[in-house]
Protein chains: 2
Amino acid sequence: MGIIRHTKSVKSLIQAFNESENAISVAVLLKRFKEDMNKTTVYRILDRMEESGVLHSFIGKDGDRWYSKYTENTSASSTISHPHFQCDSCGKSECLTLDINIPPLPNHKVDSASLLLIGQCQDCLIEITQ
Amino acid sequence: MGIIRHTKSVKSLIQAFNESENAISVAVLLKRFKEDMNKTTVYRILDRMEESGVLHSFIGKDGDRWYSKYTENTSASSTISHPHFQCDSCGKSECLTLDINIPPLPNHKVDSASLLLIGQCQDCLIEITQ
DNA sequence: AATATAATGCAACTTTGATGCAATAAGATA
DNA sequence: TATCTTATTGCATCAAAGTTGCATTATATT
Ligand SMILES: [Mn+2]
Ligand SMILES: [Mn+2]
Ligand SMILES: [Zn+2]
Ligand SMILES: [Zn+2]
């Protein structure tokens with residue numbers, strides 16, 4: 001196991017996540033840093049940041065991967081990972097602190113869960129109302 | 001909107017789903033029918049079968065798509081679609097009739113959910129115990 | 001400053017899935 | 001049964017997403 005170096009590229013990624021309230025999809029990150037670094041580099045930095053526990057990832061409604069930094073709320077919420085929300089209108093995804101109870105599942109051992117709620121986010125609800 | 005023809009290829013797919021208790025991933029279907037039909041045909045038949053309401057699909061833990069036929073239990077379980085289970089050991093996925101309650105989410109409108117429980121299936125639990 | 005090696009860029013490659021179009025075959029009609 | 005209509009398929013081609021090997025570069029340590 002090696003040390004993670006604080007390179008220019010790594011700093012850019014960290015900044016992007018610090019500036020964002022919500023999760024960021026790989027597709028968006030690749031576009032955003034297209035001029036600054038190779039796509040291979042983006043993928044590899046995300047891998048490292050997740051492995052080192054700075055970020056976590058989840059699968060969006062269309063099977064695409066999203067990354068988000070950990071916060072006090074989303075960090076150790078439970079053994080089973082916290083749920084996420086993805087907006088059907090604008091596509092953005094957020095980490096949720098919502099506590100979803102998983103009833104016991106006979107004849108199975110449930111270790112984790114990928115819980116994605118889908119609908120309209122606050123911004124998009126306001127837009128519709130107006 | 002046209003009529004869905006009961007072709008040789010369509011029959012093969014229907015048979016595959018009728019013979020299977022669990023969901024089947026696109027990857028597995030492509031391999032299984034590699035000799036029998038073009039991959040484009042597999043994709044197109046799955047699209048049609050889902051659109052016509054014979055099958056439904058969901059996203060697996062690695063972002064890959066799975067298909068399964070509807071049953072009395074999984075059909076109209078609720079507005080929010082029923083949960084699924086994917087085994088971390090053997091990779092297979094199943095539809096669940098388990099009822100998972102989603103608490104109200106302030107400032108959001110939740111229309112559907114993608115709920116995937118991950119762990120060990122019955123077969124794999126037995127294997128470990130022995 | 002010199003060194004060790006983690007990180008990056010680049011090219012090549014694989015995988016997955018979509019698309020346009022000509023050929024085929026299912027099902028309806030006569 | 002023969003004919004007809006068009007839904008479906010095969011095939012070639014393409015695009016997007018992601019991976020890998022390796023030479024080069026940049027970071028952190030001494
Ligand atoms: Mn999260
Ligand atoms: Mn199902
Ligand atoms: Zn929105
Ligand atoms: Zn299993």
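Here is the naming used below: chain letters follow the sequence lines, and residue numbers restart at 1 for every chain.
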What pairs with Ser9(B) under side chain to side chain contact (heavy atoms under 4.5 Å, CB included), at least two apart in sequence or on another chain? Thr7(B), Met37(B), Thr41(B), Ile45(B)
How many Å lie between NZ on Lys39(A) and P on dT20(D), as a whole number? 13 Å
Would you mind reading off the distance between Leu29(A) atom CG and dG18(D) atom P, rounded to a whole angstrom? 11 Å
Could you run down nucleotides 19-30 of chain C 5' to 3' and tag each one B, S or - for protein heavy-atom contact under 4.0 Å? BB----BBS---
For residues 110-129 of chain B, the ring pair (Phe, Tyr, Trp, His ring centres under 6.0 Å) pairs (sequence neighbours left out) are none
Quick one: Asp36(A) CG to dA26(D) P, roughly how many Å, whole number? 15 Å
Considering residues at least two apart in sequence or located in another chain, which fulfil the side chain to side chain contact (heavy atoms under 4.5 Å, CB included) criterion with Leu29(A)? Leu13(A), Phe17(A), Ile24(A), Phe33(A), Val42(A), Leu46(A)
When rounded to whole Å, the CD to P distance for the pair Glu35(A) and dC10(C) reads 12 Å
Listed partners of Glu51(A) passing side chain to side chain contact (heavy atoms under 4.5 Å, CB included), at least two apart: none
Taking only residues two or more places apart in sequence or in another chain, which ones pass ring pair (Phe, Tyr, Trp, His ring centres under 6.0 Å) with His108(B)? Phe85(A)
In whole angstroms, how far is the P atom of dT13(D) from the CG atom of Asn38(B)? 14 Å
With a 3.5 Å distance limit and no angle check, can you tell me whether Glu94(B) reaches the backbone of Gln86(B) through a side-chain donor-acceptor pair? no
Nearest-Å distance for atom pair CZ/P, residues Arg48(B) and dT9(D): 4 Å
Which nucleotide, dG9(C), dA17(D), dA7(C), lies nearest any side-chain atom of Thr41(A)? dG9(C)
Could you state the atom-to-atom distance from CE of Met49(B) to P of dT8(D) in whole Å? 12 Å
Could you state the atom-to-atom distance from OH of Tyr43(B) to P of dG10(D) in whole Å? 15 Å
Listed nucleotide nearest any side-chain atom of Ser9(A), set dT8(C), dG17(C), dG18(D): dT8(C)
